[in-house]
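Beneath this line is the structure, given in structure tokens, with notes to follow.
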There are 2 protein chains.
Amino acid sequence: MVTLADVARHAGVSASTVSYVLSGKRSISAPTRERIQHSIDTLGYRPHAGARALASSRTDILALMMPLRTGLYVPVMMEIAMAVTTTARSHGYDVLLLTGEEGPEAVRRVEGSAIADAMIVMDVGLDDPRLPWLREAARPAVLIGLPTETADAVGTRGLDCVDLDFEAAGARCVEHLAGLGHTRVAVLGEPPAVYERGTGFAARTLTGLRAAADRHGVGLLHRPVDGTYAAVAAAVARVFEERPGTTALVVQNEAAVEPLLALLRHQGRAVPEDVSVVAICPDQVAVHASVPLTAVSVPAREMGRLAVERLVGRLAGEEPRGTELIAPRLTPRASTGPVAALASPDAPTEDRRGHGGR
Amino acid sequence: MVTLADVARHAGVSASTVSYVLSGKRSISAPTRERIQHSIDTLGYRPHAGARALASSRTDILALMMPLRTGLYVPVMMEIAMAVTTTARSHGYDVLLLTGEEGPEAVRRVEGSAIADAMIVMDVGLDDPRLPWLREAARPAVLIGLPTETADAVGTRGLDCVDLDFEAAGARCVEHLAGLGHTRVAVLGEPPAVYERGTGFAARTLTGLRAAADRHGVGLLHRPVDGTYAAVAAAVARVFEERPGTTALVVQNEAAVEPLLALLRHQGRAVPEDVSVVAICPDQVAVHASVPLTAVSVPAREMGRLAVERLVGRLAGEEPRGTELIAPRLTPRASTGPVAALASPDAPTEDRRGHGGR
DNA sequence: ATGAAAGCGCTAACAA
DNA sequence: TTGTTAGCGCTTTCAT
């Protein structure tokens, strides 16, 4: 193994000079620097991560805590994870992947063993047991997601948070539909399990949806659904039964998107002529759906990138900046249109078979 | 920060004794061990990862190289990644996540910086540029996937591989269908990009499919498809045009599963009465599809687990064991049945519209 | 069964 | 601008 001492010897300088060339922490004359750089290249030297960590108390590693609980849409998690690692690499950091299995213990392990310099925490619950440990930890942490419904809540104190402004996102969906004349809207939400364990983003979306619905005089029905065809079918059936005049749907459930579109097609409800559909999902899902969806995009990449940049800043001495919410962006596509003016808005058109009707 | 020296002082023993209690590498009298353990608990001591790595040249970290190239089904990758991390944890290892961005450079980085003890490499291509570096590396590596079409090929020398036996999996699908009387089968494969870059598993599946088709006198059509409704529709249309008598489909493309089923439904082709469908996909996809699919399952968890266990074995001194292929398991579900005996097998039944017919 | 002590490879004062 | 040196916290040989 090639050590720093080897390089120093080869270049005819002292070890510290080599170290300083590497870190750039003091000025080196051009000739020496070049000579040392040449030795480094020739010998194929790489600093030993452990030795560096021991001497400098910096590992250049970020820990990514990613519990994968039921009901979460895996590709989004993955996209965040990938954005985190690539952004981290571009700042010279590696990423240690931690699953949820260990729970709060993982936080203590990272802290106690100095195995990483900082942590990114995903899938934050309202009363997340990791939070107390994160607050006490000497290392900075950034949450992707909010532990509480409101951005400035006490629970967030001292912790940096990055997330989509799901409340605004929900509101944006209703506003868009209200603008098209829709007054009866149903929401197909995340699976029940997601709400039950108090996942922040789902609750916040609902808050935004309801507030906007009130403001615009829109009637709102909310149904959590599992991402299966059967569950979606059952939920939609109930919706049209309980409120036949429904002309628009908001979907916040990536796994339910295709089942929903297939179902509507099968029922002979045309999108957007009979029913408008707005989704809250990644652009990729919206674009590739069998009907391109008008949607508020969930900016997975950006969230990952922001989290890392925040963390890198903190490690460079910046102060915590609290919560940073990404403003929602709604892109109109083919799935929404004005509410039908003449035809009865709730009955499928005549030449299609369907279950609707009042 | 609590150090080993602190613990030693607190327990009234030497540092080495504490170290040996931790590693179990020499026998300690019960009283001393208990006293030391008590001090460890009281002080909340955790060994410093960097210091340990420096002194022992072991990091207790496994690197997971997971390029996420187009056409890959993300949830499978994720499931492997999760299985890797949880299995790794159960053996005392952490996992460092590396994306494909860096390519072969990542291998050299891990090797040179002693940042991990071993590596798991995913998404291996036929002529993967990482392979030469992996072979030269001092650290053991396990590939998930095969770099070549045949298990014993030269390219694999010295490297451990773990994978599903995709060749046998392909064969198994054809055998199942042949057993039900089907003689004209079409394969909807992975996206073209996957074949083009020479991904081993796709090629191997095809080999197995073709061999079995030959053996059983089955006519086989192969169409790579992107996982979109439009692409699937186009491919299926071509299939029934070119070979109207087709009565069964094999799908090796998770993203295409639902679009395919929706399309068949829409065309009025009943599954399995008019068309049998066999998939090669994770159980979860097969079970939750809108028609529960007869499928050869892709055992993502097991692959991740096996890879880690192999690696842990190697780190404990075991010799490389070469390639280990997991035998395919086909589970019959609702999507396959005997080829229709009386009715013309290629035309949809009368009350449905369809494009088939000879 | 336990202790003493020499590093592991690097960083960062402190000197010159 | 460069060199000298004292650790960082742990493992492990060599003694006892």
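Per chain, numbering begins at 1; letters A, B, ... match sequence-line order. For clarity, every value in this text was computed on a predicted model and none was experimentally measured.
Regarding contacts with the backbone of dT12(D), a side-chain N or O of Lys25(B) is found under 4.0 angstrom from either OP1 or OP2. The side chain of Ser14(A) places an N or O atom within less than 4.0 Å of a non-bridging phosphate oxygen (OP1 or OP2) of dG3(D). For Ser56(B) and dC10(D), the shortest distance from a side-chain N or O to OP1 or OP2 is not below 4.0 Å. Contact between the side-chain N/O atoms of Ser27(A) and the OP1/OP2 oxygens of dT1(D) is found at a separation under 4.0 Å. Neither OP1 nor OP2 of dC8(D) sits under 4.0 Å from any side-chain N or O of Thr3(B). Of the side-chain N and O atoms in Ser29(B), none sit less than 4.0 angstrom from OP1 or OP2 of dA1(C). For the pair Ser19(B) and dT11(D), the criterion of a side-chain N or O lying under 4.0 Å from OP1 or OP2 is met. The side chain of Ser23(A) contributes no N or O atom lying less than 4.0 Å from OP1 or OP2 of dT11(C).
Across the protein-nucleic acid pair, Arg26(A) atom CZ and dA12(C) atom P stand 11 Å apart, rounded to whole Å. Spacing between atom CG of Leu54(A) and atom C1' of dC8(D) amounts to 4 Å, rounded to whole angstrom units. Atom P of nucleotide dC10(D) and atom CE of Met1(B) are separated by 6 Å, given to the nearest angstrom. Atom pair Tyr20(A):OH and dA13(C):C1' shows a separation of 7 Å (rounding to whole Å applied). Distance, Arg58(B) CZ to dC8(C) C1': 15 Å, rounded to whole Å. Rounded to an integer number of Å, the gap from CZ of Arg46(A) to C1' of dC10(C) is 17 Å. If you measure from atom CG of Asp60(B) to atom C1' of dT11(D), you get 13 Å, rounded to the nearest angstrom. If you measure from atom CZ of Arg9(B) to atom C1' of dG9(D), you get 12 Å, rounded to the nearest angstrom.
Evaluation of atom-type donor-acceptor distances gives a pair under 3.5 Å for the side chain of Ser16(A) against the base of dG3(D). Residue side chain Arg52(B) does not reach the base of dT11(D) through any donor-acceptor N/O pair under 3.5 Å, judged by distance alone.
Heavy atoms of Leu22(B) sit nowhere under 4.0 angstrom from any nucleic acid atom. At the heavy-atom level, Ser57(B) lies nowhere under 4.0 Å from the strands shown.
When atom types are taken as modelled, the side chain of Thr86(B) and the backbone of Ala83(B) share a donor-acceptor pair closer than 3.5 angstrom. Proximity of a side-chain donor or acceptor of Arg139(B) to a complementary backbone N or O of Glu111(B) within less than 3.5 Å is detected. Judged by distance alone, with hydrogens and angles left aside, the side-chain atoms of His91(A) form no donor-acceptor pair with the main-chain N or O of Tyr93(A) at under 3.5 Å.
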Handout entry: Worked verdict on Arg69(A) versus Glu101(A) for salt bridge (charged side-chain N to carboxylate O under 4.0 Å, His left out)
Key = CA-CA 10 Å; Arg69(A) 300 192 283 183; Glu101(A) 313 269 306; over 6 Å; no
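The salt bridge (Lys or Arg N to Asp or Glu O under 4.0 Å) test with Glu102(B) singles out one residue from Arg130(B), Arg108(B), Arg109(B), and that residue is Arg109(B).
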